[in-house]
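Counting convention: from 1, in listed order, for ligands and their atoms alike.
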Amino acid sequence: METSLLSIDQLADAAAIIAAGGIVAFPTETVYGLGADATNASAISKIFLAKGRPSDNPLIVHVADLAGVARVAKEITPIAKTLMDAFWPGPLTIVMPRGDSVADELCAGLPTVAIRMPKHLVALELIRRSGVPLVAPSANRSGRPSGTTWEAVHEDLSGLVDAIVCGEPTELGLESTVIDITQSPPCVLRHGAISLKSIQAFVSDVVSVDELDSSDQVRKRKSPGTRHRHYQPKAQVLIANSPSFGTDTFEDGSISDGTSKSVVEEPVGIPASRAWIGLSSPSRREDWRIIRVCESPEDYARVLFSYFREIDRLGIDFIVCQVVPDAGIGRALMDRIRRASADE
Ligand code: TXA
Ligand code: MG
């Protein structure tokens, strides 16, 4: 398949491809999405194929208005209404009871459907022109860092999708916050730019899935995406608790953040290369092949995934990510970094 590169002025062409059952990547404020007609089961199956996505991981439906929600949700509950009023359009995905006409493949057989109204004008215009809600998972091969630039999308999906709408790099850089309101209390399944605290201002009893008792298997199973490998570059990701990361232990060819779990043995005789990303510079700058010092946690979140990809292109072996406080966007950022560093 040849992948057309479209400009943001060519949304009529993009919508025509979607109407014909094709798949088109487009920018949103979080990450690029890979869009298809949410009412077309064969278009939905193309998405799973192009991404190499496990069929048990459901998709998010993107809408441009409340009529779009009514097409896929069984009902709009008072909590849904409150959250939509407070945070839409924006980076909040709401898991609601699923409408009868929604394809099983879209929801991986679950009785619920995840819905989001993006804020990005290109995304909204594409949904409107398509005349249907759009399923749109992040536009990357499954398990890879989400695409935050059209070039990253091209790198992963060229030849596998019909078209890419080439917009700007995405504003937020991390995927939306996902909240499930079909359970009581409502539960944040994935952290994003909309923080738990800001949701609590509207829905006071909301909890985070990672604060639930781990023996609560039923809830865990309701967070399907978290079972799969995620956000992983080819380089090994390590977490640094301080800017002096590694300085004590470089001589013996291993690096450590001070906890025995993350000590890494490097291949003997091959000097491994290392990249750093964080809010401050590491000590001994000469030990790092590249260093990225971010202005703020927001800036760190915006560039993380594209930095991962840059490191892979450079063939660097290790990426060391400096920890940030678990508050606000920091929580979503640390969640992505921890998953990227997990070795399962
Ligand atoms: O910011 C975003 O959300 C981006 C942009 C393109 O909108 N999309 C995105 O989609 O990140 P994806 O497919 O990469 O992640 C969707 C997440 C997965 O963790 C999935 O398991 C979860 O949402 N999800 C989807 N439907 C669900 C449902 N019915 N119940 C629980 N979780 C669901
Ligand atoms: Mg994804």
Side-chain angles (χ1 to χ4, degrees), residues 23-36 38 44 47-48 50-63 72-74 87-99 102-120 122-124 126-127 133-148 152-153 156-157 165 167 170-183 186-194 209 218-232 301 305 332 335-336 339-340:
I23 56 178
V24 178
F26 62 94
T28 83
E29 72 278 21
T30 56
V31 298
Y32 273 71
L34 179 56
I44 292 170
I47 296 246
F48 281 91
K51 287 199 53 151
R53 183 179 179 104
S55 60
D56 64 351
N57 194 3
L59 304 177
I60 297 173
V61 178
H62 293 64
V63 299
V72 286
K74 189 170 217 91
F87 299 109
W88 281 7
L92 183 72
T93 295
I94 308 175
V95 175
M96 302 189 206
R98 163 187 164 184
V102 177
D104 262 337
E105 295 76 18
L106 192 165
C107 304
L110 294 172
T112 54
V113 60
I115 310 175
R116 171 162 114 81
M117 187 188 291
K119 192 180 69 181
H120 198 290
V122 171
L124 287 171
L126 180 61
I127 300 164
L134 300 183
V135 284
S138 53
N140 51 278
R141 290 281 293 168
S142 200
R144 297 267 296 143
S146 296
T148 55
V153 177
D156 270 22
L157 297 174
V165 177
T170 58
E171 180 193 336
L172 297 171
L174 300 181
E175 309 80 358
S176 61
T177 304
V178 178
I179 181 171
D180 184 351
I181 59 165
T182 67
Q183 27 186 331
C187 182
V188 168
L189 301 179
R190 180 175 75 183
H191 293 275
I194 308 267
V209 73
V218 179
R219 285 183 187 279
K220 289 271 173 198
R221 273 201 298 273
K222 285 196 171 175
S223 183
T226 58
R227 283 198 302 270
H228 300 288
R229 269 185 81 234
H230 255 95
Y231 319 114
Q232 293 200 326
F305 288 149
D335 168 76
R336 303 312 187 274
R339 281 180 208 283

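Between N57 and ligand 1, a contact under 3.5 Å exists for at least one N or O pair. Any N or O atom pair closer than 3.5 Å counts here, and E175 shares no such pair with ligand 1. When only interatomic distances are considered, the shortest N/O to N/O separation between T28 and ligand 1 does not fall below 3.5 Å. The shortest N or O to N or O distance between K51 and ligand 1 is not under 3.5 Å.
Contact annotation: for R116 versus ligand 1, heavy atoms closer than 4.0 Å belong to the side chain alone. Proximity of M117 to ligand 1, defined as any heavy-atom pair under 4.0 Å, is not found for any part of the residue.
D156 places a side-chain N or O within donor-acceptor distance of the main-chain N or O of R141, the cut-off being under 3.5 Å. A donor-acceptor pair under 3.5 Å links the side-chain atoms of Q232 to the main chain of A340, judged by distance alone. The backbone N or O of G173 sits nowhere less than 3.5 Å from a side-chain atom of T148 that would complete a donor-acceptor pair. T30 places no side-chain N or O within 3.5 Å of a backbone atom of E175 that could act as its donor or acceptor partner.
At a cut-off of 3.5 Å, with distance as the only test, a side-chain donor of R116 or T28 sits close to an acceptor on the other residue.
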- Start with the C-alpha gap between E29 and S176, add the side-chain angles, then the distance that decides, and say whether side-chain contact (heavy atoms from CB on, under 4.5 Å) holds. CA-CA 9 Å; E29 72 278 21; S176 61; over 6 Å; no
Verdict with supporting geometry, T170 and S146, side-chain contact (heavy atoms from CB on, under 4.5 Å)
CA-CA 11 Å; T170 58; S146 296; over 6 Å; no
side-chain contact (heavy atoms from CB on, under 4.5 Å) between F48 and L59, worked out: CA-CA 9 Å; F48 281 91; L59 304 177; 3.7 Å; yes
query = Going through the distances and angles, do R144 and L157 end up as a side-chain contact (heavy atoms from CB on, under 4.5 Å)?
reply = CA-CA 11 Å; R144 297 267 296 143; L157 297 174; over 6 Å; no
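Here the closest non-hydrogen pair linking G33 and A136 is CA-CB, 4.2 Å.
Separation of atoms CG (L92) and CD1 (I194) is listed at 5.5 Å; rounding is to 0.5 Å. A distance of 5.0 Å separates CG in L189 from CG in D180, rounded to the nearest 0.5 Å.
The aromatic rings of F26 and H62 stand perpendicular to each other, their planes meeting at an angle above 60°, with 30° marking the opposite boundary.
Tested against V102 for a side-chain contact (heavy atoms from CB on, under 4.5 Å), the candidates L110, T112, V72 yield a single pass: V72.
Atoms of ligand 1 lying under 4.0 Å from any heavy atom of L110, numbered from 1 in the order shown and given with element: 28 (C), 29 (N), 30 (N). Counting atoms of ligand 1 from 1 in the listed order, those under 4.0 Å from a heavy atom of G33 are 6 (C). The atoms of ligand 1 that sit less than 4.0 Å from any heavy atom of T112 are 28 (C), 29 (N), 30 (N). Listed by atom number, the atoms of ligand 1 under 4.0 Å from S138 heavy atoms are 8 (N), 9 (C), 10 (O), 12 (P), 14 (O). Distances below 4.0 Å separate heavy atoms of A136 from the following atoms of ligand 1: 6 (C), 8 (N), 10 (O). Close contacts between ligand 1 and L59 involve ligand atoms 25 (C), 26 (N) [criterion: under 4.0 Å to a heavy atom]. Near L189, meaning under 4.0 Å from one of its heavy atoms, ligand 1 places the atoms 31 (C), 32 (N). Every atom of ligand 1 with a heavy atom of P137 under 4.0 Å away is listed here by number and element: 10 (O), 12 (P), 13 (O).
With waters neither drawn nor counted, the protein N/O/S atoms under 2.8 Å from the Mg ion (ligand 2) amount to 1.
Comparing V61, T170, I60, V135 against atom 16 (C) of ligand 1, the shortest heavy-atom distance belongs to I60. Comparing S146, P118, S176 by heavy-atom distance to atom 3 (O) of ligand 1, the nearest is S176. The option with the heavy atom closest to atom 22 (C) of ligand 1, from among G35, P58, C107, is P58.
Not a single heavy atom of D180 sits less than 4.0 Å from an atom of ligand 1. At least one heavy atom of H62 sits closer than 4.0 Å to an atom of ligand 1.
Every residue two or more places apart in sequence or in another chain that forms a side-chain hydrogen bond (donor to acceptor under 3.5 Å, both in side chains) with R98 is listed here: D104.
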